[in-house]
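For reference, positions follow the sequence shown, starting with 1. Small disclaimer: the values here were computed from a predicted structure and weren't measured. In listed order, ligands and their atoms are each counted from 1.
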Amino acid sequence: MSATGSAYRRGPFREGDRVQLTDPKGRLHTITLTPGKQFHTHRGHVKHDDLIGAPDGSTITNTAGTEYLALRPLLSDYVMSMPRGAAVVYPKDAGQIVTMADVFPGAVVVEAGVGSGALSMSLLRAVGESGAVHSFERRADFAEIAKANARAFFGEDHPAWTVTVGDLVESLPSAVEPGSVDRVVLDMLAPWECLEVVAEALAPGGVLICYVATATQLSKVAEAMRDFGTFTEPEAWESLVRGWHLEGLAVRPQHRMHGHTGFLITTRRLAPGITPPMRKRRPGKGYAAQEGDESTAPAEVPPGADDAEWTSEALGERVASEKKMRKLARGVVPPTPR
Ligand SMILES: C[S@@+](CC[C@H](N)C(=O)[O-])C[C@H]1O[C@@H](n2cnc3c(N)ncnc32)[C@H](O)[C@@H]1O
């Protein structure tokens with residue numbers, strides 16, 4: 001069984017395993033088991049040799065009598081504690097990406113940028129050894145950190161992973177056959193610059209998912225997807241995860257949470273030569289009021305046309321009609337003269 005398979009994640013602790021020690025206050029310490037080595041805190045130490053051969057989920061007591069719980073870290077634990085050159089995609093977003101982009105066993109996935117490799121590891125887990133993750137990273141130093149992180153987690157170089165140092169736009173066309181990629185995942189500052197090469201690489205029906213940190217990037221990539229013309233209408237969302245405090249009768253949301261990580265936006269590649277159907281939707285009330293039309297009949301809105309100006313209507317705000325404004329004005333009681 002390969003090291004990336006289940007054998008590596010099961011059974012007693014072995015030399016080279018990463019082990020997460022939790023102290024009585026809930027503090028985490030991650031160690032890599034090395035014969036003859038010791039894990040020291042300001043109070044006492046634990047011998048690595050006492051953990052090698054012990055079952056996953058054991059407890060161990062240090063020389064000062066402090067008891068630690070010893071477990072192999074989950075992927076979600078690992079990515080939050082591993083060395084990082086760039087900000088990582090948090091586990092809550094990696095879960096959304098794998099599920100909503102439908103990353104399946106055996107899939108061919110393109111990813112850029114690699115950063116610290118956190119998302120790459122979730123993608124590799126999802127495609128398995130029969131799939132392929134082609135990752136691209138501009139910075140050689142980040143790519144090295146990511147490869148080291150993944151190697152430490154999987155125990156070897158994952159056989160489904162190739163990492164190319166270079167810009168996605170320049171490197172992708174020579175790395176994959178046109179139309180051969182099932183999924184593309186972009187986590188970078190300017191994903192809109194990559195749409196042409198992504199459209200060329202994706203198979204018809206393939207999914208593009210982008211993770212962006214700001215609303216301005218979200219807007220720009222959404223409009224670029226629409227303008228490009230060979231993608232379906234994009235869908236965007238964010239996820240908020242709130243942990244809960246569980247102690248006796250004090251069962252309530254935790255006081256602190258990650259208020260913002262990033263936005264996700266997906267679209268799908270249409271078949272060659274197909275353009276997306278014109279969007280039909282009910283006009284917002286403000287839009288209808290400006291047009292002098294109170295009806296709810298669907299209006300045709302060409303992609304990208306409704307953001308040409310920063311008007312209230314374009315921003316989806318409700319605007320009172322002139323008729324309503326006149327009525328409101330008539331109802332205003334004038335101040336009583338003194
Ligand atoms: C936020 S980091 C990615 C983090 C990564 N998803 C993770 O979970 O660890 C963004 C990375 O994209 C890289 N990048 C930006 N534009 C790129 C491009 N056009 N081609 C390749 N890499 C790019 C940057 O160098 C940076 O390392």
For this session: Flag Ser116 as yes when one of its N or O atoms lies below 3.5 Å from any N or O atom of ligand 1, and as no otherwise.
Result: yes
For this session: Taking only heavy atoms of Phe142 into account, list the atoms of ligand 1 that are under 4.0 Å away from them.
Result: 27 (O)
Problem set entry | Test side chain to side chain donor-acceptor pair (under 3.5 Å) applied to Trp244 - qualifying residues, sequence neighbours left out | none
Problem set entry | Check ion pair Glu233-Arg226 (N to O, under 4.0 angstrom) | yes
Exercise. Got the closest protein heavy atom to atom 3 (C) of ligand 1, with its distance?
Worked result: Asp187 OD2, 3.2 Å
Exercise. Which atoms of ligand 1 are found less than 4.0 Å from any heavy atom of Ala86?
Worked result: 2 (S)
Exercise. Should the ring pair Phe263 and His260 be called parallel, tilted or perpendicular, given that the plane angle runs from 0 to 90° and is split at 30 and 60?
Worked result: tilted
Exercise. Taking N or O atoms only and a 3.5 Å limit, does Arg139 qualify as a polar contact for ligand 1?
Worked result: no
For this session: Answer yes or no: does an N/O atom from Gly117 fall short of 3.5 Å to an N/O atom of ligand 1?
Result: yes
Exercise. Are any of the side-chain nitrogens in Arg139 or Asp141 under 4.0 Å away from the carboxylate oxygens of its partner?
Worked result: yes
Exercise. Is Val88 close to ligand 1, meaning an N/O of one under 3.5 Å from an N/O of the other?
Worked result: no
Exercise. Judging by distance only, is a nitrogen or oxygen of Val89 under 3.5 angstrom from one on ligand 1?
Worked result: yes
Exercise. Has ligand 1 got any nitrogen or oxygen that is less than 3.5 angstrom from a nitrogen or oxygen of Leu189?
Worked result: no
For this session: Output all residues satisfying side chain to side chain donor-acceptor pair (under 3.5 Å) with Asp167, sequence neighbours left out; order by chain, then residue number.
Result: Arg138
Problem set entry | Cationic N near anionic O, under 4.0 Å, Lys147 to Asp157 | no
For this session: Take every heavy atom of Asp167, measure it against each atom of ligand 1, and state whether any distance is under 4.0 Å.
Result: yes
Exercise. Going by heavy atoms, is Gly166 under 4.0 Å from ligand 1?
Worked result: yes
For this session: Answer with yes or no whether Val79 contacts ligand 1, where contact means a heavy atom under 4.0 Å from a ligand atom.
Result: no
